[in-house]
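Comments concern the structure below.
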Amino acid sequence: MTETSEPFSEETVLRFARGTRLQYDRVREQWFIQAPERAFIADPSAAEILQLIDGKRTLGTVTDKLLQKFSATRDVLVHDVLHMTRELADKQVLQVV
Amino acid sequence: MTAIPPPMSLLAEVTHRCPLQCPYCSNPLRLDPRTDELSTADWLRVLDEAAAMGVLQVHFSGGEPMARPDLPDLVRHAVSLGLYTNLITSGVLLNAKSLKALTDAGLDHVQLSFQDADTAEAERIGGMAGAQAKKLEAARLIKEDGLPLTLNFVIHRQNAARVPAMLNMAERLGARRVEIAHTQYYGWGLLNRDALLPSRAQLEETEHTVAAARARFGTRLAIDFVTPDYYADQPKPCMGGWGQRFLNIAPTGKVLPCHAAESIPGLTFPTVRESSLQDIWQNAPLFTLYRGTDWMPDPCRSCAFKEQDWGGCRCQALALTGDASATDPVCNQAPGHGVIKQAIANRPAVPPAFRYRRYGNGEITNGT
């Protein structure tokens, strides 16, 4: 299987793999990705994207939602969304529905 | 006083009882008896305290944690507090019913240990006949349920040749991660060092095998490789620094900065029976003793890497130099580094018999 090297598109739909989730830590006031054997910090922009990953929305829809909140161009945003989600899929945090 | 950042993870050693007898077990030589174990109510309170202070992940371990019938209750409570729950198990007590109780409770992940890919050798190393079939069935059930699975293999001179077979096994069983972790030499591992320590050539072969497998697996199966630090030039940043990221609670309720800390003499070990976890983490002398860099002797004190490796492992310094505040002798700058070279040079050609991990078996003075 070579599924991991393909880039995502605006049509891709993702969900969190079982055993991983996004979690807000009230003690440290930071978002974390909880995953097997490790928790790692989700930076603020990653946290914004990941809060919209629900196993139903396409990455295009995720981008449109983010556009309502941030003053970036759609081209920039879509690039960030596709790039970051691809990286997290390679880390087995997200998977294609 | 300045608040110390809270720990990221808690290793909950709920019991030292275990059907296996692995000669490199990370439990202390003096095992806690069942009668001294914390009650369910104690553990529930400890989990409350851990979540409140900022612990993010709880690793239920042992011994064999599934030997405690209240494990699903502890997992359910941890899940309700938002803690990430990991079960570190030998798998020999796992069946469809006991797994369902844990998944119903919300368990997030399982780390399943194997002693070898070869059945006869695995059962000789673990000291339990029939264990391998139980473990393979456990892996199948976990995979069937869909829980993420990590396989753990502890590597030493008597199984290093089968690392390729272990990696194939992880792939075949559908693991998401596999740990190829060379033995660390304290406690039982140190007692059995001559029977376990690989040669440099064996170590390098495992490194090459892992590098090749990483290229083959890509991102679908992650490999965590842990080196035997006797062959490293720099010490490992043990526990990410003493009292910085990690808490360990022993079956009796003692709170430790690492699972080997009980070996350090002359210390008072704080317990959850007497103090809160938060108070212990912030103030207990055991935790403040080697936290940060103030305690360091030279060459650590003036070393550029002091905030990377934190002086290495205190328990290893103690075990090999007699002084827990010495530089970890694994460091090639350490005054005590000769003992590491000597241990490698004196490695016998034929490994001696294992001294198995059993109640009472670690309390005799090592005669060799």
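A note on names: the letters A, B, ... follow the listed sequences, proteins ahead of strands, and every chain is numbered from 1. Since this is a predicted model, take the numbers as computed values, not measurements.
Under the 3.5 Å distance criterion, the side-chain polar atoms of Gln57(B) are matched with a main-chain donor or acceptor of Arg38(A). Tyr84(B) contributes a side-chain N or O that, together with a main-chain N or O of Gly19(A), makes up a donor-acceptor pair within less than 3.5 Å.
Using a 4.5 Å heavy-atom threshold, the side chains of Met8(B) and Asp25(A) count as separate. In this structure, the side chains of Thr219(B) and Lys91(A) stay at 4.5 Å or more apart for every pair of heavy atoms. Side-chain contact check for Glu37(A) versus Asp224(B): every heavy-atom pair is 4.5 Å or farther apart.
In this structure, chain A has no heavy atom under 4.5 Å from any part of Ile88(B). Proximity to chain B is limited to the side chain of Gln23(A), based on heavy atoms less than 4.5 angstrom apart. Proximity to chain B involves both the backbone and the side chain of Arg18(A), based on heavy atoms less than 4.5 angstrom apart. For chain B, the nearby parts of Ala17(A) are the backbone and the side chain; heavy atoms of each come within less than 4.5 Å. Heavy atoms of Leu149(B) lying under 4.5 Å from chain A are absent altogether.
Counting non-hydrogen atoms of neighbouring residues, nucleotides and ligands closer than 6.0 angstrom, the CZ atom of Arg26(A) reaches no more than 12 such neighbours. At most 12 non-hydrogen atoms from other residues, nucleotides or ligands lie less than 6.0 angstrom from NZ of Lys65(A). Around the CZ atom of Arg245(B), the shell of radius 6.0 Å holds no more than 12 heavy atoms that belong to other residues, nucleotides or ligands.
Between Pro6(B) and Val27(A), the shortest heavy-atom contact is CG-CG1, 3.9 Å. Between Gln34(A) and Gly82(B), the shortest heavy-atom distance links the atoms NE2-O, 4.2 Å. Heavy atoms only, all atoms of each residue included: Gln92(A) and Leu221(B) are closest at NE2-N, 3.6 Å.
Chain A forms the most heavy-atom pairs under 4.5 Å with one residue out of Thr150(B), Leu147(B), Asn86(B), and that residue is Leu147(B). Interface check for chain A: of the options Gly146(B), Pro5(B), Ser9(B), Ala52(B), the most heavy-atom pairs under 4.5 Å are formed by Gly146(B).
Between the CG atom in Leu56(B) and the CZ atom in Arg28(A) there is a gap of 4.5 Å [rounded to 0.5 Å].
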